[in-house]
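Starting from 1, each residue takes its place in the sequence as its number.
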Amino acid sequence: MDSDNNNNIASRHLFRMAQLSALPREKALKNGLRSLDDAELIAILLGTGIRGKNVIDLANEILKSKDGHLSELAHLSVKDMTGMFTGIGSSKALSLLAAVELGRRAAHDAAVLESSRRVVNSSSVCYDLLRHKLQDLDHEEFWVLLLNNSLKRITELRVSEGASNFTVVEVKKIIKAMIDNGANHVVLYHNHPSGKLRPSPQDDSLTRKIAEAAKLFDFKVIDHIIICNSGFYSYSDNGRL
């Protein structure tokens with residue numbers, strides 16, 4: 001009898017968990033994805049809960065670990081997630097983090113589409129256009145945004161990728177990219193994983209070299225943006241170009 005009772009309890013528990021897993025899906029199908037809160041969206045990605053915890057509670061636990069900030073999940077790796085949350089395997093972690101990355105890319109794509117209609121004439125516009133490429137990285141990268149004579153976007157390119165505190169940049173590679181793409185102006189970008197916004201002496205030297213090389217071809221560097229998770233630094237805004 002005890003065995004039967006235990007089996008019945010386990011069956012009811014599994015049935016209840018299945019019901020909870022289905023609720024966000026049913027709500028989304030009926031009212032659309034925008035009707036779901038963050039935990040419900042995460043629950044759909046996770047699919048099911050784990051032993052002793054339904055999928056909604058699990059989703060809320062993940063959110064609570066980052067004080068409810070979805071953007072902070074972008075800092076986690078699959079290894080981080082499987083270590084932080086008991087019962088979450090690599091498959092669930094990968095599904096969730098893939099969705100976070102897709103959201104980041106969608107946001108950047110929207111910025112790129114918008115940029116085709118915007119004149120890139122301020123540091124804040126420059127920052128908005130490429131911040132999604134450079135925030136949250138644990139290593140330095142150097143990018144350029146190529147603009148036409150009307151200061152509208154042609155394309156953006158990653159010039160180099162380096163270590164946690166430096167990256168090697170070939171000036172001639174930037175000039176060649178401008179020539180190949182018919183650009184007249186360029187915005188320089190790199191990130192500081194350390195979180196320090198102020199440029200280093202090496203940053204200053206590189207900026208001067210690129211600006212001087214561009215001038216020889218009647219090109220113009222209109223800004224150099226340093227990006228951190230906390231914001232950005234603009235050479236132009238600080239009168240350093």
Exercise. Can S71 and K66 be counted as having a side-chain donor-acceptor contact under 3.5 angstrom?
Worked result: no
Problem set entry | Ion pair check, K133 and E141, cut-off under 4.0 Å | no
Problem set entry | Test item: N148 side-chain N/O and S150 main-chain N/O as donor-acceptor pair under 3.5 Å | yes
Exercise. Is the backbone N or O of V159 less than 3.5 Å from a side-chain atom of K173, with the two atoms forming a donor-acceptor pair by type?
Worked result: yes
Seminar exercise, completed: For L146 and A177 the tightest heavy-atom approach is CD1-O, 3.6 Å
Exercise. Between S123 and D223, do the side chains contain an N or O donor and an N or O acceptor separated by less than 3.5 Å?
Worked result: no
For this session: Dump the intermediate steps for side chain to side chain contact (heavy atoms under 4.5 Å, CB included) on D203 and I226, then the final yes or no.
Result: CA-CA 9 Å; D203 296 335; I226 298 174; 4.0 Å; yes
Exercise. Are any of the side-chain nitrogens in R104 or E101 under 4.0 Å away from the carboxylate oxygens of its partner?
Worked result: yes
Exercise. Shortest non-hydrogen contact from I56 to N54?
Worked result: N-OD1, 3.0 Å
For this session: Answer yes or no: is there a side-chain heavy-atom contact under 4.5 Å between H185 and V120?
Result: no
Problem set entry | Heavy-atom donor-acceptor pair, E26 side chain to L23 backbone, under 3.5 Å | no
Problem set entry | Nearest-0.5 Å distance, NZ of residue K92 to CG of residue L45 | 10.5 Å
For this session: Spell out, as yes or no, whether a donor-acceptor pair under 3.5 Å connects the side chain of D67 to the backbone of H69.
Result: no
Exercise. Do the side chain of S205 and the main chain of P201 share a donor and acceptor less than 3.5 angstrom apart?
Worked result: no
Exercise. How about N121 and I222: do any of their side-chain heavy atoms sit closer than 4.5 Å?
Worked result: no
Problem set entry | Worked verdict on E140 versus H192 for side chain to side chain contact (heavy atoms under 4.5 Å, CB included) | CA-CA 6 Å; E140 282 199 14; H192 281 178; 3.7 Å; yes
For this session: Compare all side-chain heavy atoms of L216 with those of I175 and state whether any distance is below 4.5 angstrom.
Result: no
Problem set entry | Contact list for residues 220-241, test ring pair (Phe, Tyr, Trp, His ring centres under 6.0 Å), sequence neighbours left out | Y127-F232, F142-H224, H190-H224, H224-Y235, Y233-Y235
Exercise. What pair of heavy atoms forms the shortest contact from V221 to L241, and how long is it?
Worked result: O-CD1, 4.0 Å
Exercise. So which heavy atom on G68 is nearest to which on D38, and how close?
Worked result: O-OD2, 4.4 Å
Problem set entry | Any donor-acceptor pair under 3.5 Å from N229 side chain to D136 backbone | yes
For this session: Verify, without hydrogens or angle tests, whether D80 (side chain) and S77 (backbone) share a donor-acceptor contact under 3.5 angstrom.
Result: yes
Exercise. Which heavy-atom pair separates S234 from D237 by the least distance, and what is that distance?
Worked result: OG-N, 2.9 Å
For this session: For side chain to side chain contact (heavy atoms under 4.5 Å, CB included), just list the numbers for Y189 and L145, CA-CA rounded to whole Å, side-chain angles, deciding distance to a tenth of an Å, and then say yes or no.
Result: CA-CA 8 Å; Y189 295 82; L145 175 65; 3.5 Å; yes
Problem set entry | Distance, nearest 0.5 Å, that separates CG of L130 from CG of L188 | 11.5 Å
Seminar exercise, completed: Distance col, row D218:CG vs N184:CG, nearest 0.5 angstrom, shows 9.5 Å
For this session: Using the test salt bridge (Lys or Arg N to Asp or Glu O under 4.0 Å), find all partners of D204 that sit at least two apart in sequence or belong to another chain.
Result: R240
Exercise. To the nearest 0.5 Å, what is the distance between CG (L36) and CD1 (I42)?
Worked result: 11.0 Å
Problem set entry | Donor-acceptor pair between S124 and S122 side chains, under 3.5 angstrom | yes
Exercise. To the nearest 0.5 Å, what is the distance between CD (Q135) and OG (S230)?
Worked result: 9.0 Å
For this session: Output the distance between atom NZ (K215) and atom CD1 (I210), rounded to the nearest 0.5 Å.
Result: 16.0 Å
For this session: Apply side chain to side chain contact (heavy atoms under 4.5 Å, CB included) to the pair I62 and M84, showing each step before the final yes or no.
Result: CA-CA 9 Å; I62 292 170; M84 289 171 64; over 6 Å; no
For this session: Could you tell me whether the side chains of T167 and S160 share a donor-acceptor contact shorter than 3.5 Å?
Result: yes
Problem set entry | Shortest non-hydrogen contact between A107 and H132, atoms and distance | CB-CE1, 4.0 Å
